[in-house]
S.K.: 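Pasting in a structure now, in C-alpha cells, and then I'll have a few things to ask.
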Amino acid sequence: MALVVESTSSASASNATDVTVTKPSGVEVGDLLLILSGDTDNFTDNLPTSTGFTRIANKSQGVSDGATVVILSRIADSSDVSASNYTVDYPGGTTSAGIAGMMRVSGWNTGDPLYASASDGGLEDSASINTGASSLTITPPNQQLLLLITSFNSYSGTKSSATFDGYTVTSADSNPSWTEVFDTQVSLFSNANNFAMSAAYAIRTDTSTITAYDLDISTDTSGDADYFASLLAVIVAPLDQTGTNALLEVSPTTFSNTAVEVGTAGTNALLEVSPTIPTQSGSATSPSSWTDESRGSTTWVDEPKL
Amino acid sequence: MASTLHLVALKAGLDATLALGTPTLSFMATSYTPNAGTDDYWSDISASRASGTTDVVLSGVTVTVDTGNGRVELDTADPSLSTVTATTDKYVLWVDTTVDSTSPVLATIDIAEGTLNPVAGTLSITVNAEGHYALNAV
C-alpha cells in the first residue's frame, strides 16, 4: 500500500515550554501520525516529547544551547480520532523553543516506520548555509516518504534569523517535488525571531540509491555564528516479499573399487617330501636249538584204592 | 552393471535426522557464506540470521521417495514471517533439538529471486513443487 500524506498542521510560540498543535484533519485508526519539532537544548533527556508518541529520529548540534530536530511517531487509535490537538513539550526549560508540525500519513501499518536517516549540523555565521550529508547509501525497496527537517538557533551575540529552501535528495533519478509543512521563526528570550525551523516532505517513487541530501538556510549575517541541525528521514511503504527456491539436488559420488577374482580353479605344484630315516642300533642273537630228550613211555597201572 | 544408493535407506536416514528435533527454517543475512564442512550445528551460524527475522517452525514436513526420478525429496509447507523489515537472499534448514550446539544444519538454499527486502511486510517462500532439496540415488 502506498504512503500518502493526507493532511498536515503546524503551530509555533515564542519562549514556549510547550506548543499545542491542532490535529491534522481526517485522522483514522491506523494512520501514522508524525510530530516534527526541534529545540535549542540538545541534551537527550531534554528533547521534545509528546504523550503517546515515540521518538524515531533526532539530530542535536552544539551544547546545552544548540539546535536539535526530532521526529516523533504514533499509530492512531480511537483516542486519536476523537482528539482535537496534541501538546509538544520542551523539557529543557522555560525558554527553549516553540515550533512543531504534524503529519497524518496513510499506508503505514505498524511499528517503527523509520527505514533510514542521515543528518548534519554545524556552527556558522553566513548569509547562506548549505546543510546536508553525502556518501549515503540509502536504497529503498519501495515508494518512500522523505522528510527534511531543520532547526536554526542564533544563540549568542547579535542574533540572526533564517528561512529555508532548496530541499534536495541526490540519486540517479531527479529530485522529487517537496512540500513545506512549515518554515517558521520564533523569538527566544527578548530576541527577534532567532530560532527558526522548517519541515518539508516529498513522496518518491524511484528506488535508486539516495547518495546525498541538502537544503539551504538563508540568514542575515549581522551576528555571530549560529547553530543549525538538519535531518533526512526515509519512511518506506510496507512491502511484502515472496521468494522461491530451485530444487537443490544432491547426487552421490561412488568410488571405484579394486576387482577381486573369485571362483577360479587353481593348480598346485606337487609337493615332494623326502623322509628322514634315522639309523638304528640293532642287535641279533642266535637262538639255541633244543632237542627233546627221549623218554620211554611209561604204562601206568592204576593201583587199587585201599 | 550400475552403482546406486537405495531410496528407502536414504529416506530412513533423513527421517532419522529430522526426528532429532523440530525442523526449522531461518532466513540468513546476505553476508552469510555457507561452509558445508564447518557449519555443522545452528550454534555455528546463528549469528548470521538476517536481522529483523525470527526462526520459522516448519509445518507439513514430508520426506518422499520419488522412484520415477530416483531420489528422496524433502518438502514442507510454505514458510513465512509477517511484519518483517529485513534483507535476505538465502535460508537455512536445520533441526532444533533445543540446544543450538546439537541442532544439525541440513541445507542452505539460495532464494531464486536474489535479495528480498520486505518492509513491515510478509517475508515468505513459495517452496518448489518438488521440495527444498533431493537426495539422488545416482
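In what follows, chains carry the letters A, B, and so on, assigned in the order in which the sequence lines appear, proteins first and then strands, with residues in each chain numbered from 1. Computed from a predicted model, the values in this text were never measured in an experiment.
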S.K.: So for Ile111(B), is it side chain, backbone, both, or neither that comes closer than 4.5 Å to the heavy atoms of chain A?
M.R.: both

S.K.: Could you have a look at Ser124(B), Ala129(B), Gly131(B) and say which one has the most heavy-atom pairs with chain A under 4.5 angstrom?
M.R.: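 Heavy-atom pairs under 4.5 Å are most numerous for Ser124(B).
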
S.K.: Check whether Val127(B) gets within reach of chain A through its side chain, its backbone, both or neither, counting any heavy atom under 4.5 Å.
M.R.: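 It is both, since atoms from each part get that close.
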
S.K.: Consider side-chain contact (heavy atoms from CB on, under 4.5 Å). Of Val84(B), Thr87(B), Asn117(B), which one does Gln241(A) pass it with?
M.R.: Asn117(B)

S.K.: Taking the side chain as every heavy atom from C-beta outward, state whether Asn245(A) and Tyr133(B) have any pair of such atoms under 4.5 Å apart.
M.R.: no

S.K.: Side chains of Asn142(A) and Val119(B): closer than 4.5 Å at any heavy-atom pair?
M.R.: no

S.K.: Where does Thr4(B) contact chain A at under 4.5 Å (heavy atoms): side chain, backbone, both or neither?
M.R.: neither

S.K.: Any chance you could lay out the side chain to side chain donor-acceptor pair (under 3.5 Å) test for Thr126(B) and Thr242(A), step after step, and finish with the verdict?
M.R.: CA-CA 7 Å; Thr126(B) 300; Thr242(A) 299; 5.3 Å; no

S.K.: Counting only heavy atoms closer than 4.5 Å, note whether Asp110(B) contacts chain A via side chain, backbone, both or neither.
M.R.: backbone

S.K.: Under the criterion side-chain contact (heavy atoms from CB on, under 4.5 Å), which of Asn136(B), Leu5(B), Leu135(B) is the partner of Ser251(A)?
M.R.: Asn136(B)

S.K.: Taking side chain as C-beta onward, heavy atoms only, is Pro118(B) less than 4.5 Å from Asp240(A)?
M.R.: no

S.K.: Evaluate the side-chain proximity of Arg71(B) to Leu247(A): yes if any heavy-atom separation is below 4.5 Å, no if none is.
M.R.: yes

S.K.: Indicate the atoms forming the closest heavy-atom contact of Ala120(B) with Pro238(A), along with that distance.
M.R.: O-CB, 4.1 Å

